[in-house]
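In what follows, residues are counted from 1 in the order of the sequence shown. The figures that follow rest on heavy atoms only: side chains count, while hydrogens, waters and symmetry mates do not.
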Amino acid sequence: MRTFSHLKGLPVYEQHTGKTIGKVSDICFTNTGKVQGLIIESKGWFSRHRYIPLSAIQAIGVDGVFITDFHALQPTASFQTGYSLYSQRGIAGKPVITTNGKKLGLLEDVYFHEQLGIIGGYEITDGFFADLMEGKKRVNAVPFTVGEEAIIVNTTM
């Protein structure tokens with residue numbers, strides 16, 4: 001299990017040709033913790049973002065991501081349900097509040113199991129100085145609700 005920030009910026013290769021398709025820029029997931037796919041920033045003059053479903057990802061390694069076929073890339077508009085960290089329907093930076101009214105901090109990153117395709121937890125920050133003094137918090141993956149101004153988690157932290 002690793003955080004998405006370790007995956008962000010990794011090159012994406014097509015398995016059959018070895019060509020670099022682009023770089024990982026975002027992760028897409030549901031509120032129940034199922035990873036749906038990745039957003040790829042394509043190379044070229046007119047760099048654009050494309051969506052790659054998890055089923056088309058062959059492997060996620062330390063130094064790169066391999067996809068089965070370039071044709072599996074889809075327009076980001078095809079990702080319509082669920083959430084991402086930074087791009088469409090991005091939730092990074094939103095306050096995380098428990099159902100019993102305790103503010104945990106701001107959502108900064110997600111921990112995920114690349115082999116299982118699930119989110120294992122959420123990394124929460126209280127700001128730079130608090131993170132230095134106390135460290136970042138980790139909330140286990142629980143279903144959440146995204147509101148206009150906050151993320152509500154059902155936990156008893």
Side-chain angles (χ1 to χ4, degrees), residues 1-96 104-132 134-146 151 153:
M1 185 164 57
R2 64 172 131 179
T3 60
F4 174 72
S5 61
H6 287 102
L7 184 65
K8 187 175 180 178
L10 284 181
V12 178
Y13 302 100
E14 184 180 26
Q15 181 181 3
H16 300 294
T17 63
K19 287 179 67 174
T20 303
I21 305 303
K23 296 186 296 188
V24 175
S25 67
D26 209 345
I27 186 170
C28 305
F29 52 94
T30 65
N31 69 327
T32 58
K34 183 175 185 281
V35 176
Q36 296 173 306
L38 299 173
I39 302 289
I40 310 299
E41 185 177 335
S42 300
K43 294 176 20 171
W45 287 92
F46 302 103
S47 66
R48 55 186 170 168
H49 291 86
R50 306 288 294 220
Y51 172 72
I52 184 80
L54 190 62
S55 60
I57 298 173
Q58 186 69 29
I60 299 174
V62 177
D63 297 318
V65 175
F66 284 88
I67 63 172
T68 52
D69 187 14
F70 173 78
H71 299 298
L73 290 172
Q74 303 171 7
T76 54
S78 60
F79 163 66
Q80 295 178 0
T81 61
Y83 302 94
S84 68
L85 277 180
Y86 307 109
S87 54
Q88 294 179 347
R89 301 177 52 104
I91 61 174
K94 282 195 175 213
V96 178
L104 301 176
L106 304 176
L107 179 69
E108 185 167 278
D109 208 346
V110 294
Y111 292 90
F112 73 102
H113 297 278
E114 59 264 12
Q115 289 87 9
L116 300 176
I118 59 171
I119 301 293
Y122 308 101
E123 190 172 78
I124 310 294
T125 181
D126 274 331
F128 180 74
F129 293 111
D131 290 349
L132 281 177
E134 303 167 14
K136 295 181 182 179
K137 297 177 198 160
R138 179 174 177 218
V139 175
N140 289 332
V142 293
F144 61 85
T145 303
V146 176
I151 300 168
V153 294

Just how far is it from atom [atom1] of [X] to atom [atom2] of [Y], taken to the nearest 0.5 Å?
X      : Y      : atom1 : atom2 : answer
Gln74  : Ile40  : CD    : CD1   : 11.5 Å
Arg50  : Leu73  : CZ    : CG    : 6.0 Å
Asn31  : Ile119 : CG    : CD1   : 11.5 Å
Ile57  : Thr68  : CD1   : OG1   : 9.0 Å
Ile118 : Met1   : CD1   : CE    : 8.5 Å

Report yes or no: does [X] contribute a side-chain atom to a donor-acceptor pair with the main-chain N or O of [Y] at less than 3.5 Å?
X      : Y      : answer
Asp26  : Ser87  : yes
Arg48  : Ser42  : no
Ser25  : Ile39  : yes
Lys137 : Leu104 : yes

How would you list, by chain and number, every residue that makes a side-chain contact (heavy atoms from CB on, under 4.5 Å) with [X], sequence neighbours excluded?
X      : result
Pro143 : none
His71  : Asp69
Lys8   : Phe4, Tyr86

Validation row: Ile21, Ile52 side chains within 4.5 angstrom (heavy atoms):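 With C-beta onward as the side chain, the pair stays apart.
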On a heavy-atom basis, which atom in [X] and which in [Y] lie closest, and how many Å separate them?
X      : Y      : answer
Thr30  : Gln36  : CG2-NE2, 3.6 Å
Leu107 : Asp109 : CD1-O, 3.7 Å
Thr3   : Glu123 : CG2-OE2, 4.2 Å
Gly105 : Asp126 : CA-OD1, 3.5 Å
Tyr83  : Ile91  : CD2-CG2, 3.9 Å
Val12  : Val24  : CG2-CG2, 3.7 Å

Kindly check if the number of other-residue, nucleotide or ligand heavy atoms within 6.0 Å of NZ (Lys34) is above 12?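 No, the 6.0 Å shell around NZ holds no more than 12 heavy atoms from other groups.
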CZ of Phe70: more than 12 outside heavy atoms within 6.0 angstrom?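 Counting neighbours around CZ of Phe70, 12 or fewer heavy atoms of other residues, nucleotides or ligands fall under 6.0 Å, so no.
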Intermediate values then yes/no, side-chain contact (heavy atoms from CB on, under 4.5 Å), Leu106 and Val96: CA-CA 6 Å; Leu106 304 176; Val96 178; over 6 Å; no
List the steps, then state whether side-chain contact (heavy atoms from CB on, under 4.5 Å) holds for Val65 with Leu7. CA-CA 9 Å; Val65 175; Leu7 184 65; 3.7 Å; yes
Should the ring pair Tyr122 and Phe144 be called parallel, tilted or perpendicular, given that the plane angle runs from 0 to 90° and is split at 30 and 60?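 The arrangement is perpendicular - the two ring planes meet at more than 60°.
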Would Ile27 and Val110 satisfy side-chain contact (heavy atoms from CB on, under 4.5 Å), going step by step from the backbone distance to the final call? CA-CA 9 Å; Ile27 186 170; Val110 294; 4.2 Å; yes
After noting the C-alpha distance and the side-chain angles of Arg2 and Phe112, does the key distance pass the side-chain contact (heavy atoms from CB on, under 4.5 Å) rule? CA-CA 6 Å; Arg2 64 172 131 179; Phe112 73 102; 4.2 Å; yes
